[in-house]
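Quick caveat: nothing in here was measured; it's all calculated off a predicted structure.
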Amino acid sequence: MQTILIVGGGAGGLELATKLGKTLGKSGKARITLVDKNTSHIWKPLLHEVASGSLDTDTDGVIYSAHAARHHYHFQHGELIGLDAGQKHIRLAAIYTDEGELLVAERSLPYDTLVLAIGSVSNDFKTPGVSQHCYFLDSAPQALRFHRALMNNFVRFSQQNDDRALNIAIVGGGATGVELAAELYHVAALAKRYGLSGMSAQKLKIHLLEAGPSILPALPKRIADAVRKELSLLGVEVLENTKVSAATAEGFITADNQLLSAEMMVWAAGVKVPDFIARLGIFELNRLQQILVTPELKAKGQEAIYVLGDCCGFQQQDGSWVPPRAQSAHQMASLVGQNIVRQRRQKPLKSFVYKDHGSLVNLSRYSTVGNLMGNLTGNSMFIEGKLARFVYISLYRMHQIAIHGWWKGMLLVLVEKMNRAVRPKLKLH
């Protein structure tokens, strides 16, 4: 029986495991195993909502082991630390309890076909102090760490009888930084409803720092301008052309040696593939350490290894790289699934063609803006307001349907609406 390992349970990896489980795992034609260092899945574009407390991982997360049992694949909890492409096996790190006791020893897993979908992490560009003093939002555990600190600060500032504000500085004017800034104002306003009477949006001061000339550099200027205006109305101070040279316990030091004081600092500037991929010395990489692939999404020089999602370096005919977005991972997962089945049947493999469906930025309950059908309209179809919000939510619904199927996906939508009607709108713990 063919053994197919998928490392990484993000948007692309989980969708691929679900698809292959239905097509190959259910019939016993192959053993499909998903590997992830976490035990549950949260759609990465929603991590800023986990960080703010608008989304509860306990109710909105997907437990890999339970999902695997229902969709005919297997789940292995573990972190990839080694890969032997010649012998065709991967090595997973040992797992320890919170008390430091060994739970599962380091182990190896063999494969016939390997799919790397390990995603990306924030790129701190080796800026001094960032790793010690900043919060990151690359995973659900990191987002939850930020949330706990945020709630503690809300409690502290709620008890103060003066007008001092909670200063939060966010480095990175991409979608994550922009959406987090808006979401934080929303939850600060909600805090007053749930016992934190001294906390409000007026007691929050957010600085959004972008090293480049404009926030949202990957999106059309019209969208960036609309978002900048909306953020300013909320109270966010947008600082473009502002480079950070260091982070300290007091705040960020800018390139012109100015201190921007902050009680909480978030680093959301740039992405890269985890460093251990480069240390393996197996793959050809680009400057973001993405693994270079063939048109069929196989790692160059590796016949048995496919790559998809943020860690995949696919250069298009115009010289541009496929952007690290959820829609890219979704499209890549679809093609890799087809090519694995076609390869089993000894049929020619398909080449990947990226279709840009546009981009949307959700500013919490305040606004949603973006463009649709990027390939067809040259990013010129601008939408905002309720229509944009509907399309934004629809992207998540499509992901839910891809991993749960139509019936359960629609049932989950209903359950979510019921939960939102009866539970607090802000996670308080």
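- Identified under the side-chain hydrogen bond (donor to acceptor under 3.5 Å, both in side chains) test for residues 233-248, with sequence neighbours left out: His207-Glu237, Arg228-Glu240, Thr248-Glu250.
- Residues Leu116 and Ile305 meet the side-chain proximity criterion, which asks for heavy atoms closer than 4.5 Å.
- Ring to ring, His67 and Tyr73 are close: their centroids are under 6.0 angstrom apart.
- Remark: Arg344 pairs with no residue by the salt bridge (charged side-chain N to carboxylate O under 4.0 Å, His left out) rule, at least two apart or across chains.
- Take Tyr306 and apply the ring-ring contact (aromatic ring centres under 6.0 Å, His included) test, not counting sequence neighbours, and it matches no residue.
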- Message: Run Val293 and Phe352 through side chain to side chain contact (heavy atoms under 4.5 Å, CB included) and show every step you take.
- Response: CA-CA 10 Å; Val293 296; Phe352 181 67; over 6 Å; no

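- Taking the side chain as every heavy atom from C-beta outward, Leu34 and Gln76 never approach each other to under 4.5 Å.
- Contact check for Val227 versus Leu216: side-chain heavy atoms found under the 4.5 Å cut-off.
- For the pair Trp321 (side chain) and Cys312 (backbone), a donor-acceptor distance under 3.5 Å is absent.
- Under a 3.5 Å cut-off, the side chain of Ser52 and the backbone N or O of Glu49 do form a donor-acceptor pair.
- No donor-acceptor contact under 3.5 angstrom links the side chains of Tyr64 and His77, judged on distance only.
- Within the structure, side-chain hydrogen bond (donor to acceptor under 3.5 Å, both in side chains) pairs that include any residue of residues 12-32 comprise Glu15-His330, Glu15-His399, Arg31-His74 (at least two apart or interchain).
- The minimum heavy-atom distance linking Gly119 with Cys311 is given by the pair O-CB, 3.6 Å.
- Under the 4.5 Å side-chain criterion, counting only non-hydrogen atoms from C-beta, Thr176 is not in contact with Val178.
- The salt bridge (charged side-chain N to carboxylate O under 4.0 Å, His left out) analysis of residues 110-128, with sequence neighbours excluded, yields no pairs.
- In terms of the ring-ring contact (aromatic ring centres under 6.0 Å, His included) criterion, His72 has no residue partners (sequence neighbours excluded).
- A distance-only check finds no donor-acceptor pair linking the side chain of Asp84 to the backbone of His89 [under 3.5 Å].
- Heavy atoms only, all atoms of each residue included: Ala143 and Val50 are closest at CB-CG1, 3.8 Å.
- In this structure, Arg342 contributes its side chain and Pro348 its backbone to a donor-acceptor pair below 3.5 Å.
- Separating the CD1 atom in Ile291 from the CD1 atom in Ile277 is a distance of 4.5 Å, to the nearest 0.5 Å.
- Annotation: Lys205, atom NZ; neighbour count of heavy atoms from other residues, nucleotides and ligands within 6.0 Å is above 12.
- Judged as a salt bridge (charged side-chain N to carboxylate O under 4.0 Å, His left out), and not counting sequence neighbours, the contacts of Lys272 are Asp275.
- The distance from atom CD of Gln2 to atom CD1 of Ile340, rounded to the nearest 0.5 Å, is 7.5 Å.
- A pairwise comparison of heavy atoms in Ala169 and Leu260 identifies CB-CD2, 4.4 Å as the closest pair.
- With a 4.5 Å cut-off on side-chain heavy atoms, Val115 and Val7 do not count as touching.
- Residues passing the side chain to side chain contact (heavy atoms under 4.5 Å, CB included) test with Lys203 are Gln160, Met199, Ser200, sequence neighbours excluded.
- Side-chain contact check for Tyr111 versus Leu83: some heavy-atom pair is nearer than 4.5 Å.
- Of the listed residues (Leu80, Leu92, Ile118), just one forms a side-chain contact (heavy atoms from CB on, under 4.5 Å) with Val35, and that residue is Leu92.
- Contact annotation: the side chain of Val322 approaches that of Met332 to within less than 4.5 Å [non-hydrogen atoms, C-beta and beyond].
- At a cut-off of 3.5 Å, with distance as the only test, a side-chain donor of Glu183 or Ser54 sits close to an acceptor on the other residue.
- To the nearest 0.5 Å, atoms CD1 (Ile81) and CD (Glu79) are separated by 7.5 Å.
- Atom OG1 in Thr127 sits 7.5 Å away from atom CZ in Phe125 (nearest 0.5 Å).
- Applying the salt bridge (charged side-chain N to carboxylate O under 4.0 Å, His left out) test to every pair with at least one member in residues 323-332, sequence neighbours left out, gives these pairs: Arg325-Asp356.
- For the pair Gln290 (side chain) and Asp310 (backbone), a donor-acceptor distance under 3.5 Å is present.
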- Message: side chain to side chain contact (heavy atoms under 4.5 Å, CB included), that's the test. Do Leu308 and Leu16 meet it? Break it down for me.
- Response: CA-CA 10 Å; Leu308 63 86; Leu16 178 61; 3.9 Å; yes

- Task: Begin with the C-alpha distance, continue with both residues' side-chain angles, and end with the deciding distance and a verdict on side chain to side chain contact (heavy atoms under 4.5 Å, CB included) for Met264 and Leu150.
- Result: CA-CA 8 Å; Met264 301 183 70; Leu150 179 69; 4.2 Å; yes

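- Minimum interatomic distance between Tyr185 and Gly235 (heavy atoms only, all atoms of both residues): OH-O, 3.2 Å.
- Between the CD1 atom in Ile223 and the OG atom in Ser214 there is a gap of 11.0 Å [rounded to 0.5 Å].
- Contact of the Leu114 side chain with the Ile4 side chain is not registered, since no non-hydrogen atoms from C-beta on lie closer than 4.5 Å.
- Annotation for Ala299 and Val307: closest pair CB-CG2, 3.9 Å, computed over non-hydrogen atoms.
- Take Lys221 and apply the salt bridge (charged side-chain N to carboxylate O under 4.0 Å, His left out) test, not counting sequence neighbours, and it matches Asp225.
- Every pair passing side-chain hydrogen bond (donor to acceptor under 3.5 Å, both in side chains) that includes a residue from residues 128-143 is listed here, sequence neighbours excluded: Ser122-Asp138.
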- Task: Assess whether side chain to side chain contact (heavy atoms under 4.5 Å, CB included) is satisfied between Trp267 and Val244, documenting all intermediate values.
- Result: CA-CA 10 Å; Trp267 191 272; Val244 171; 4.1 Å; yes

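- Asp318 places a side-chain N or O within donor-acceptor distance of the main-chain N or O of Ser320, the cut-off being under 3.5 Å.
- Annotation: salt bridge (charged side-chain N to carboxylate O under 4.0 Å, His left out) contacts involving residues 298-308, sequence neighbours excluded, comprise Lys298-Glu303.
- No more than 12 heavy atoms of other residues, nucleotides or ligands sit less than 6.0 Å from atom CG of Asn257.
- Listed for the Glu210 side chain is no donor-acceptor partner under 3.5 Å among the backbone atoms of Val238.
- In the displayed structure, Met410 atom CE is contacted under 6.0 Å by more than 12 heavy atoms of other residues, nucleotides or ligands.
- Gln289 contributes a side-chain N or O that, together with a main-chain N or O of Val273, makes up a donor-acceptor pair within less than 3.5 Å.
- A donor-acceptor contact closer than 3.5 angstrom is absent between the side chains of Thr254 and Gln258.
- Looking at every heavy atom in both residues, Val271 comes nearest to Ser120 through CB-OG, 3.9 Å.
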